[in-house]
Amino acid sequence: MVWTSRVCFRKYGNFVDNIRLYVRGGSGGMGLPRLGGLGGNGGDIWVVAKKDITLKQIKDKHPNKRFTAGVGSNSSIHALRGAKGEDSQVFAPVGISVTTDDGRILGELNCEGDNLLVAKGGHGGSLHSGFLPSKGQTRQIRLDLKLIADLGLVGFPNAGKSSLLTALSHAKPRIASYPFTTLRPEIGKVMYDDHKQVSVADLPGLIEGAHINKGMGHKFLKHVERTKQLMFVVDICGFQLASNTPFRSAFETVLLLNKELELYNEELLGKPAILVINKMDLPEAQGRLRDLETHLENQEESSHLFPEDVIPKSLMRFTHVVPVSATTGLGLPLLKSLIRQSLEEQNIIETDGQRSERLLKLRREIPTSSIPSWGISQPT
């Protein structure tokens, strides 16, 4: 099945995918010793998932990035039990993880309306505390987007990732002949005629040694973790970062990309991936493509022809291999169709898996004695 599509690209300036916040629960109110009155508890700080919110909006709206809750009311002769301080809410995007500065995960917000207590208010003064209140909890927390796009473009500099998005979207992101064109993620939207949207992240260029934080290293690889699927973009004519670095053929480039992901986090190799062979309009591209296809069909045997330092332990299997030209438009309609097909197939698998998991959990929760024995022969 082939979907027709109209495509638009939106460039998010100053893209923000993580933010650090100071949060402080409210202090409790004073108790009233003479009458045994209880001070009100301080307000709490909650992070609440909400649609149409971005981390950049939080940063712009709260430049000091400080959130404090209300103080509990003091006990008085008019109100022996003081009122609780007002809670404070931090509205954040759906699909974030909340961690402390030391990396401890406080929780995740995966659906609209999910909420997480991140700073508890102090207790009001009471008999047990000598009617003195306690201060609210104080923390530095981090909000990190777990998913920035459906698809993440993975490739060495000048592989043509930005050009490919330009061709898909008819937009004009910055493109130049020097290697590092993309310095931060840019999110594009592929919109189909039935209003289906697929988000694609053009990620900062990867270089050899990224797993040990060379170049943009870990910053790049962190973004790769936050996409559902990967799209490797490879120049059919190969790649050379600089005159003093080795030239890599298209197949070597695939191996190196594979290895950089593996060395950083082997789990990344479990993501579905499409391999896009770009610049098919160049001379000798067809001959080079035949060589590449031969290597891809016999990856294990072909990988032994190259130096050991470029060979990954586990070879990535691509769901589709698509030759394209971002310049002429060759192969782009097929690529758009396969992008959607691959994502929909993944959604079906994940949905079936979640359904099976829920069913198994339900079966474990139901006592064996309560399961009907209809049709089951009983021992005599």
Side-chain angles (χ1 to χ4, degrees), residues 152-165 175-183 202-221 223-224 230-266 268-269 271 273-318 320-327 331:
L153 302 185
V154 177
F156 289 131
N158 273 7
K161 300 189 302 298
S162 294
S163 297
L164 183 61
L165 269 182
I175 299 171
S177 58
Y178 52 86
F180 294 101
T181 300
T182 306
L183 299 179
D202 180 12
L203 304 174
L206 185 64
I207 66 170
E208 293 179 49
H211 69 280
I212 56 174
N213 215 17
K214 285 187 178 179
M216 304 197 74
H218 290 173
K219 186 174 182 180
F220 167 88
L221 291 163
H223 295 313
V224 175
L230 306 178
M231 184 188 291
F232 282 44
V233 183
V234 172
D235 185 336
I236 187 58
C237 293
F239 167 72
Q240 186 175 23
L241 180 64
S243 58
N244 60 345
T245 59
F247 173 81
R248 305 297 191 183
S249 68
F251 183 63
E252 274 186 288
T253 303
V254 173
L255 293 177
L256 279 167
L257 291 171
N258 189 156
K259 184 163 186 176
E260 287 298 334
L261 298 186
E262 178 184 76
L263 290 172
Y264 176 72
N265 183 352
E266 288 188 32
L268 293 176
L269 303 186
K271 289 180 181 283
I274 296 173
L275 175 59
V276 176
I277 312 301
N278 195 21
K279 305 187 182 181
M280 287 301 299
D281 56 300
L282 297 178
E284 302 181 4
Q286 289 299 329
R288 293 173 185 267
L289 178 62
R290 287 192 291 272
D291 291 340
L292 176 58
E293 288 175 335
T294 300
H295 287 314
L296 289 172
E297 289 169 3
N298 305 278
Q299 285 195 64
E300 287 82 1
E301 295 81 359
S302 296
S303 61
H304 296 304
L305 301 174
F306 299 93
E308 288 188 7
D309 61 345
V310 306
I311 303 173
K313 290 188 297 182
S314 302
L315 295 168
M316 196 155 211
R317 301 296 177 182
F318 298 100
H320 305 285
V321 178
V322 191
V324 305
S325 168
T327 302

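None of the values given here were measured: they were computed from a predicted structure.
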> Would you give the length of the straight line joining atom CZ of R288 to atom CG of D235, rounded to the nearest 0.5 angstrom?
9.0 Å
> Just do the side chain to side chain contact (heavy atoms under 4.5 Å, CB included) check on K313 and E262 with the steps written out, would you?
CA-CA 8 Å; K313 290 188 297 182; E262 178 184 76; 3.4 Å; yes
> Please confirm whether the backbone N or O of Q299 pairs with a side-chain atom of S302, one donor and one acceptor, at under 3.5 Å?
no
> Regarding K279 and E284, does a basic nitrogen lie under 4.0 Å from an acidic carboxylate oxygen?
no
> Decide yes or no for K259 and L263: does some side-chain heavy atom of the first lie under 4.5 Å from some side-chain heavy atom of the second?
yes
> Grab the two heavy atoms, one from P312 and one from L315, that are nearest each other, plus how far apart they are.
CG-CD2, 3.7 Å
> Where is the tightest heavy-atom contact between I277 and L292, given as atom of each residue plus distance?
CD1-CD2, 3.4 Å
> Taking the side chain from N265 and the backbone from L261, do they hold a donor-acceptor pair closer than 3.5 Å?
no
> Show your reasoning for whether side chain to side chain contact (heavy atoms under 4.5 Å, CB included) applies to M280 and L289.
CA-CA 8 Å; M280 287 301 299; L289 178 62; 3.6 Å; yes
> Between NE2 of H304 and CG of N298, what distance do you get to the nearest 0.5 Å?
11.5 Å
> Hey, could you give me the CG/CE distance between L275 and M231, rounded to the nearest 0.5 Å?
10.0 Å
> Which heavy atom in P307 sits nearest to a heavy atom in E252, and how many Å separate them?
CD-OE2, 4.2 Å
> Heavy atoms, side chains only, cut-off 4.5 Å: are L164 and V276 in contact?
yes
> Taking C-beta and beyond as the side chain, do V233 and V154 meet within less than 4.5 Å on heavy atoms?
no
> Check the pair I274, V321 against side chain to side chain contact (heavy atoms under 4.5 Å, CB included), reporting the backbone distance first and the verdict last.
CA-CA 6 Å; I274 296 173; V321 178; over 6 Å; no
> First locate atom OG of S249, then atom CD1 of I236, and finally report the distance between them rounded to the nearest 0.5 Å.
9.5 Å
> If every non-hydrogen atom of A326 is compared with every non-hydrogen atom of N278, which pair is closest and at what distance?
N-OD1, 3.2 Å
> Show the nearest heavy-atom pair for residues L282 and C237, with the distance to one decimal.
CD1-SG, 3.7 Å
> Minimum heavy-atom separation for A250 and V234, please, with both atom names.
O-CG1, 3.7 Å
> Would you check, one step at a time, whether the test ring-ring contact (aromatic ring centres under 6.0 Å, His included) holds for F251 with F306?
CA-CA 10 Å; F251 183 63; F306 299 93; 5.6 Å; yes
> Is the backbone N or O of M316 less than 3.5 Å from a side-chain atom of N258, with the two atoms forming a donor-acceptor pair by type?
yes
> Side chain to side chain contact (heavy atoms under 4.5 Å, CB included), that's the test. Do L256 and F156 meet it? Break it down for me.
CA-CA 9 Å; L256 279 167; F156 289 131; 3.8 Å; yes
> For E301, look at atom CD and say whether over 12 heavy atoms of other residues, nucleotides or ligands are found less than 6.0 Å away.
yes
> Report yes if some heavy atom in the side chain of L153 is under 4.5 Å from a heavy atom in the side chain of F232; otherwise report no.
no
